[in-house]
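One structure is given here, and the rest of the page talks about it.
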Amino acid sequence: MALEFFNTLSRRAEVFTPLDLEGRTVRMYTCGPTVYNHAHIGNFRAYLFEDLLQRHLEARGYHVLRVMNLTDVDDKTIRDSRKAGRPLADFTQVYKQAFFEDIATLRIRPALHYPAATEDRYIQRMIQMIAQLENQGAAYKAEDGSVYFRLSHFPRYGQLAHLNLEDLRPSGRIRNDEYEKESVGDFALWKAWDENDGDVAWDSPWGRGRPGWHIECSAMATELLGPELDIHCGGVDNIFPHHEAEIAQSECCTGRTFVRYWLHCAHLMVDGQKMSKSLGNFYTLRDLTGRGYTGREVRYALITVNYRLPCNFTLAGLDAARTALARLDQWTARLTEYAGNTAPEPTPLSAASDRFLDLLDDDLNISAALGCLFDLVRDSNKAMDSGALSRGQAASLLQAWTRINQVLAFEPYAQEIPAEIAALVEQRAKARASKDWALSDQLRDKIHALGWSLKDTKDGQKLMPAQ
RNA sequence: GGCGGGGUCGCCAAGUGGUAAGGCUCGGCUCUGCAAAAGCCGCAUUCGUGGGUUCGAUUCCCACCCCCGCCUCCA
């Protein structure tokens with residue numbers, strides 16, 4: 001089948017074709033973190049979905065230009081940097097750094113650009129866009145000095161979330177101090193400085209202040225990717241109002257359709273509930289690695305539920321991920337050893353990699369795709385057990401795995417065997433040759449205590465890092 | 001009140017108008033000096049409830065119950 005994605009805008013699965021048909025380039029913008037603390041695993045679920053999307057597009061021969069923004073100025077970053085008594089840039093730098101470490105841990109492929117809202121280039125772009133909106137009558141300066149987007153200027157507002165503005169019920173989250181606005185739905189483009197902002201301010205035609213959140217993304221996306229994007233992703237909670245606002249601002253400025261495919265990731269649940277600090281089910285990636293889980297285990301646990309479905313995260317699920325990955329490791333290790341340097345030789349089993357990618361074509365149906373992978377694992381293990389698989393065919397299956405793994409990034413960590421361990425293993429081999437089982441067991445315990453596990457196979461000892 | 005997602009084996013989770021993928025757990029077996037690991041086999045006559053359409057529904061229609069999310073700066 002053709003590559004299809006569910007587009008939030010149409011609420012239908014649509015065949016994907018990029019704007020650039022010839023060059024196969026895909027312009028993709030993904031909403032990134034607000035760097036005022038460590039990102040939590042709910043954030044990472046979204047970033048992992050975007051990584052899967054990018055990897056699958058690349059597997060299908062597209063060249064993906066992906067941009068992910070860093071929001072390094074907003075109410076929270078300012079509030080917490082002041083609380084910490086540190087300059088905003090110093091404060092956010094810590095979390096930017098942590099974010100990059102975390103995405104590397106999760107094997108998320110880096111984006112092409114990580115624009116930060118406070119970079120001069122983007123501040124200038126934001127000011128330019130706001131001025132343009134003001135000239136068009138799409139924005140106005142209120143009495144408090146802030147500039148707001150005039151919703152009445154953009155009737156399509158609400159099309160992405162499929163909301164009727166008249167139906168909206170005030171939810172108490174509307175700030176009372178924004179009485180200066182013409183209409184309650186108008187959102188800030190430029191926020192006039194107030195004392196809570198401390199020394200965080202930029203000069204603008206409307207006086208000192210700072211950008212509103214929504215304009216950041218419009219400015220950075222169009223600055224780096226041009227007026228029209230193929231794909232824009234984010235969490236479902238960004239649909240309204242953030243992405244609506246982006247559409248309104250961008251399309252008023254460029255006169256073009258801002259985004260062709262909107263893809264949104266559902267929320268992550270933890271133990272069946274919304275993750276929150278008060279419930280004690282709030283996890284950062286560091287919490288999990290601190291408990292001994294690896295990045296790829298978290299990756300597996302967060303990626304294996306289709307992105308449009310709520311995913312319920314549990315530690316039991318992480319353990320299941322660990323076991324499943326160990327089985328894949330075992331399988332690839334067995335194939336590798338059996339294939340040796342033999343040249344690949346066709347086998348019908350290799351078609352699994354085609355099926356795998358075909359299943360992902362259906363709006364990233366990862367569950368079905370993994371089902372197909374595990375069918376391959378079982379079938380090829382069986383074939384090896386019965387001697388029905390040639391070494392060349394094993395080599396061919398490894399090629400199929402490489403293709404599948406380009407999308408999954410589930411390969412085991414490269415492990416170097418320390419000399420000390422290698423020496424113990426050799427010593428044990430000698431003990432076993434002379435049937436000195438007592439010494440053999442003693443060495444096995446010692447090796448295990450050093451973090452490695454041994455198993456005795458018909459081909460000798462096999463060393464693996466203990467989980 | 002409006003909009004949306006979901007209820008499929010103990011847990012996670014595909015799926016189709018034609019009779020239920022896969023992963024984890026569990027049970028059995030094989031291999032093994034022992035152990036561990038691994039491999040193989042087995043494990044839902046049934047898909048929230050009640051109706052309806054149909055030769056046939058988990059899949060379509062209607063009603064109902066339950067869970068979750070969003071509703072103006074949370075991925």
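Just so it is clear, the structure is predicted and the values come from calculations on it, not from any experiment. Below, read A as the first sequence line, B as the second, and so on, with proteins coming before strands; counting in each chain starts at 1.
With distances taken from any side-chain atom of A:A324 to the nucleotides B:U72, B:G23, B:C12, the minimum falls on B:G23. Of the candidates B:A14, B:G33, B:G39, B:G33 carries the atom nearest the A:D441 side chain, counting heavy atoms from C-beta on. Checked against B:G22, B:C71, B:A14, the side chain of A:D375 finds its nearest nucleotide in B:G22. Listed nucleotides B:U25, B:G39, B:C74 differ in distance to A:K76; the shortest reach to its side chain belongs to B:C74. Of the listed nucleotides (B:C34, B:C3, B:C68), B:C3 has the atom at the smallest distance from the side chain of A:R11. Closest to the side chain of A:D362, out of B:G39, B:A14, B:G15, is B:G15. Closest to the side chain of A:R444, from the set B:A14, B:C41, B:G33, is B:G33.
Ion pairing between a basic and an acidic side chain is recognised when a charged N comes within 4.0 Å of a carboxylate O; A:D436 and A:R428 show no such pairing. Between A:D441 and A:R444 there is a salt bridge, since a side-chain N of the basic residue sits under 4.0 Å from a carboxylate O of the acidic one.
Aromatic pair A:Y300/A:F410: ring centres closer than 6.0 Å.
Looking at A:R432, its side chain comes within 3.5 Å of the base of B:G33 through a donor and an acceptor atom.
A:Y413 carries A:R107 over the face of its six-membered ring, with the cationic atom under 6.0 Å from the centre and within 45° of the normal.
No contact: A:D74 has no heavy atom under 4.0 Å from any strand.
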